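Note that the structure is predicted; figures quoted are calculated from it, not measured.
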Amino acid sequence: MISLSDEGFSVKFDVSSYKPDELKLRLDGDVLSIEGEHKEENEQGSVHLRLQRSIRIPVDQIGLSSLQSSLDQHGNLSIHAPLIEKKKQLNGQEIPIQITGQQKETGTIEN
């Protein structure tokens, strides 16, 4: 499940068939990839599972440095990143002037 809301970007995967050390998350540009591989053998035979999913993420809307993942005890992998705060546009608003040097009496600024 993929979602983009006011709270941020999130994606959830059911990876309950895999152990944590059998999973890899990777970010290449705007592509988030999850890979998993599980091998199991017993007297009845063997099982080999592979998982490979890739999704494009909205890198222009989320903070990639804040990307986080978590895996719960039920095998639910969650990946989350908050939205980047949109810059307020300055339409008709006054912009304060910050004085950085001493002002002479003539109105010019000394450095």
Side-chain angles (χ1 to χ4, degrees):
M1 180 174 99
I2 301 170
S3 114
L4 184 61
S5 69
D6 291 341
E7 295 179 18
F9 167 81
S10 65
V11 61
K12 295 181 182 182
F13 294 101
D14 177 5
V15 293
S16 56
S17 299
Y18 300 87
K19 297 175 187 171
D21 62 341
E22 297 173 332
L23 297 167
K24 289 182 187 176
L25 272 178
R26 182 181 180 99
L27 182 63
D28 290 312
D30 66 346
V31 177
L32 178 66
S33 300
I34 178 172
E35 296 178 3
E37 187 168 10
H38 175 78
K39 293 181 182 179
E40 188 177 317
E41 292 186 32
N42 59 31
E43 58 272 351
Q44 298 170 352
S46 64
V47 174
H48 186 192
L49 301 173
R50 274 192 83 114
L51 168 69
Q52 188 169 3
R53 299 279 188 270
S54 295
I55 59 168
R56 290 203 184 278
I57 60 175
V59 294
D60 58 333
Q61 296 178 30
I62 64 171
L64 293 179
S65 61
S66 301
L67 203 59
Q68 296 179 346
S69 66
S70 62
L71 180 64
D72 70 16
Q73 71 271 18
H74 302 291
N76 297 307
L77 177 66
S78 299
I79 303 157
H80 177 78
L83 291 179
I84 296 172
E85 186 177 320
K86 297 204 179 206
K87 305 287 184 203
K88 293 181 181 177
Q89 292 189 2
L90 298 175
N91 291 330
Q93 295 178 351
E94 289 187 23
I95 302 170
I97 299 170
Q98 184 177 7
I99 307 299
T100 57
Q102 291 184 1
Q103 193 172 14
K104 289 184 176 180
E105 300 221 3
T106 59
T108 59
I109 297 176
E110 268 182 32
N111 287 329

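- Distance check, rounded to the nearest 0.5 Å: CZ of Phe13 to CG of Leu23 gives 10.5 Å.
- Counting heavy atoms from C-beta outward, Leu4 and Leu83 have side chains that approach closer than 4.5 Å.
- Across all non-hydrogen atoms, the minimal contact from Ile62 to Ala81 is CD1-CB, 4.0 Å.
- Note that CD1 of Ile2 is 12.5 Å distant from NZ of Lys12, once rounded to the nearest 0.5 Å.
- Neither Val31 nor Leu77 shares a network with the other; the hydrophobic side chains, linked directly or stepwise wherever heavy atoms of I, L, V, M, F, W or Y lie under 4.5 Å apart, form separate groups for each.
- Minimum interatomic distance between Arg53 and Leu51 (heavy atoms only, all atoms of both residues): CG-CD1, 3.8 Å.
- Residues Gly29 and Val59 come closest through the heavy atom pair O-CG1, 3.8 Å.
- Take Ser33 and apply the side chain to side chain donor-acceptor pair (under 3.5 Å) test, not counting sequence neighbours, and it matches Ser54.
- Looking at heavy atoms from C-beta onward, Glu35 lies out of side-chain contact with Arg50 at the 4.5 angstrom threshold.
- Within the structure, every pair that satisfies the side-chain hydrogen bond (donor to acceptor under 3.5 Å, both in side chains) test and touches residues 17-29, not counting sequence neighbours, is listed here: Glu22-His38, Arg26-Asp28.
- Annotation for Glu41 and Ser46: closest pair CG-CB, 3.6 Å, computed over non-hydrogen atoms.
- Side-chain contact between Ile57 and Ile79: absent, with no pair of heavy atoms (C-beta onward) separated by less than 4.5 Å.
- For the atom pair CD1 (Ile84) and CG (Asp60), the distance works out to 7.5 Å, reported to the nearest 0.5 Å.
- Atom-to-atom distance recorded for Arg56:CZ and Leu32:CG is 12.0 Å, nearest 0.5 angstrom.
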